[in-house]
There are 2 protein chains.
Amino acid sequence: MQTLSTEDYLKAIYHVSQSSSGAVATTSIAKQIGAKPSSVTDMFKKLSDQNLVKYQKYQGVSLTNEGVKTALRIIRKHRLWESFLVSHLNFNWDEVHQVAEQLEHIQSEKLTNELERFLDYPTHDPHGDPIPNRALFMKTYNKILLNELPVNKEGVCVGVKDNSSNFLRYLDRRQIGIGTPLQVLHREDFDDSLHIQAGKSTLMITIKIAENIYVKP
Amino acid sequence: MQTLSTEDYLKAIYHVSQSSSGAVATTSIAKQIGAKPSSVTDMFKKLSDQNLVKYQKYQGVSLTNEGVKTALRIIRKHRLWESFLVSHLNFNWDEVHQVAEQLEHIQSEKLTNELERFLDYPTHDPHGDPIPNRALFMKTYNKILLNELPVNKEGVCVGVKDNSSNFLRYLDRRQIGIGTPLQVLHREDFDDSLHIQAGKSTLMITIKIAENIYVKP
DNA sequence: TAACAAATTTAGATATATCTAAATTTTATT
DNA sequence: AATAAAATTTAGATATATCTAAATTTGTTA
């Protein structure tokens with residue numbers, strides 16, 4: 001297939017390492033990237049030669065400081081572009097990912113920094129994910145999954161875990177978005193479904209949905 | 001070196017064919033792209049297989065209708081992005097080219113069309129070059145080179161032929177830009193230099209400069 | 001028009017990124 | 001602890017884009 005760049009690998013390693021502890025395994029990156037494990041091994045060696053990852057045979061990789069920085073620079077661009085597409089170019093939050101995947105590889109520090117200024121230094125992208133600032137620092141506030149929110153406690157939707165179009169469009173249909181007040185009214189023990197208050201309407205959602213919505217209590 | 005895409009070749013062929021008549025020669029593209037003639041031949045075959053150019057051995061290429069369309073789509077994106085960079089991201093007109101070279105390859109019709117709307121359907125880019133609209137049609141108004149402007153006839157700068165940073169910064173220093181009123185006051189026959197009125201100041205320029213400035217009489 | 005020069009193409013080399021399949025190492029299970 | 005299963009790496013194959021150098025074609029000039 002197509003040549004996937006160093007940058008895509010670093011981003012993949014960063015994301016996998018965020019959602020699990022310890023070194024990142026060859027197979028997990030292979031799955032994420034859609035490449036064969038042998039190709040991933042080759043790339044691990046290449047990244048290791050550039051001191052972007054620490055790599056020990058059979059033990060997976062972990063990002064070096066330089067590797068983390070490079071990953072964050074790409075994530076910064078990705079999320080700034082997503083913000084731009086939604087705020088100025090009439091994109092819906094479920095449409096931005098594919099285009100941002102391309103835009104994140106554009107190389108120009110000035111472009112990135114001016115885009116950030118133009119958007120007035122946003123701290124979060126349209127999915128609620130934090131945007132690293134110029135110094136690559138990002139504010140992560142305390143957030144929990146909706147299924148962890150105690151019954152009758154009020155919260156606000158601040159993000160989603162699953163970014164797929166399918167899921168985001170589901171939320172659109174239910175009129176749930178970033179900023180929507182959410183509250184669990186009743187938890188059905190039998191099938192783990194939840195009755196919730198979302199804005200002004202009440203509705204029933206499955207546990208799987210609740211596990212993909214972040215709320216700030 | 002790096003892999004130059006089909007798109008870069010089509011754009012190069014388009015530009016060369018604009019400034020000369022008949023088929024486009026292998027060598028001229030090799031120079032433009034910075035590749036060896038043998039590589040260009042290979043690409044000509046590939047483009048021919050895709051019906052983007054007509055190619056006859058030893059006779060050079062010419063774009064097919066489909067090839068022209070593809071080239072114009074890229075030029076459209078390039079010039080829209082240049083406009084955006086200058087109008088909203090504080091880029092100077094001599095800084096935009098390199099970044100636009102990257103942005104022009106982003107694939108998303110919606111992105112292009114929304115960008116055009118956001119910019120309020122601009123007809124010309126920061127260098128005065130016409131921007132193809134959604135139907136790939138562009139308005140080219142009558143323009144001549146400054147050295148063709150009769151002495152004492154008034155004109156307005158509407159574009160530049162050379163887009164290099166060097167030349168554009170030269171014009172900046174002389175306070176000449178798109179829209180600047182220009183007039184040839186005197187033509188020095190001995191060395192072909194020109195005394196001109198540019199806005200409110202008079203200055204002397206060489207013939208080489210005058211040959212790279214477009215004016216509308 | 002013959003012969004040379006320039007342009008172009010072809011053939012084969014190099015470099016890169018990916019893959020398949022086999023070999024090796026680690027992890028899990030009995 | 002021995003063995004099976006899973007994960008990982010290695011070795012070699014394939015495909016692509018580029019190059020160099022030689023061969024071919026076109027054009028130019030004596």
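Chain naming here is simple, since letters A, B, ... match the order of the sequence lines and numbering starts at 1 in each.
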### Query
Which is true for B:Ser39 with a 4.0 Å heavy-atom rule: it touches a base, it touches only sugar-phosphate, or it touches nothing?
base
#### Entry: Atom-to-atom span, CG of A:Asp8 to C1' of C:dA17 - whole angstrom
14 Å
### Query
Out of A:Arg76, A:Lys77, A:Arg134, which residue meets the salt bridge (charged side-chain N to carboxylate O under 4.0 Å, His left out) rule with A:Glu116?
A:Arg76
### Message
Can you tell me if B:Thr26 touches the phosphate of C:dT9, counting only side-chain N or O atoms and a distance under 4.0 Å to OP1 or OP2?
### Response
yes
### Query
Can you tell me if the side-chain N/O atoms of A:Lys45 get under 4.0 Å from OP1 or OP2 in D:dT10?
yes
### Message
Given D:dT18, C:dT24, C:dC19, identify the nucleotide with an atom nearest to the side chain of A:Tyr58.
### Response
C:dT24
#### Entry: Electrostatic pair B:Glu104-B:Lys11, nearest N-O below 4.0 angstrom
yes
#### Entry: Separation of atom NZ in A:Lys36 from atom C1' in D:dT10, rounded to whole Å
17 Å
### Task
Look at all strands and tell whether B:Ser38 reaches a base, only sugar-phosphate, or nothing, counting heavy atoms closer than 4.0 Å.
base
### Distance in angstrom units between A:Phe44 CZ and D:dT9 P, rounded
8 Å
### Query
Once you round it to whole Å, what is the distance between P of C:dA17 and CD1 of A:Ile33?
14 Å
### Task
May I ask you to say whether A:Arg79 pairs ionically with A:Glu101, meaning some side-chain N is under 4.0 Å from a carboxylate O?
no
### Separation of atom CD in B:Gln59 from atom C1' in D:dG27, rounded to whole Å
11 Å
### Query
So does A:Tyr55 get a side-chain nitrogen or oxygen closer than 4.0 Å to the phosphate oxygens (OP1/OP2) of D:dT9?
yes
### Query
Can you check the A:Lys46 NZ to D:dT9 P distance for me, whole Å?
17 Å
### Query
Centre of B:Tyr141's six-membered ring, under 6.0 Å away, within 45 degrees of the axis: is that where NZ or CZ of B:Lys216 sits?
yes
#### Entry: Residue mapping more 5' on DNA chain C - nearest nucleotide basis, A:Lys57 or A:Asp42
A:Asp42
### Task
Find the distance B:Leu47:CG to D:dT16:P and express it as a whole number of Å.
15 Å
### Summary
note: A:Met43, atom CE; C:dT16, atom P; distance rounded to Å ~ 13 Å
### Task
Report the distance from atom CG of B:Asn147 to atom NZ of B:Lys208, rounding to the nearest 0.5 Å.
13.5 Å
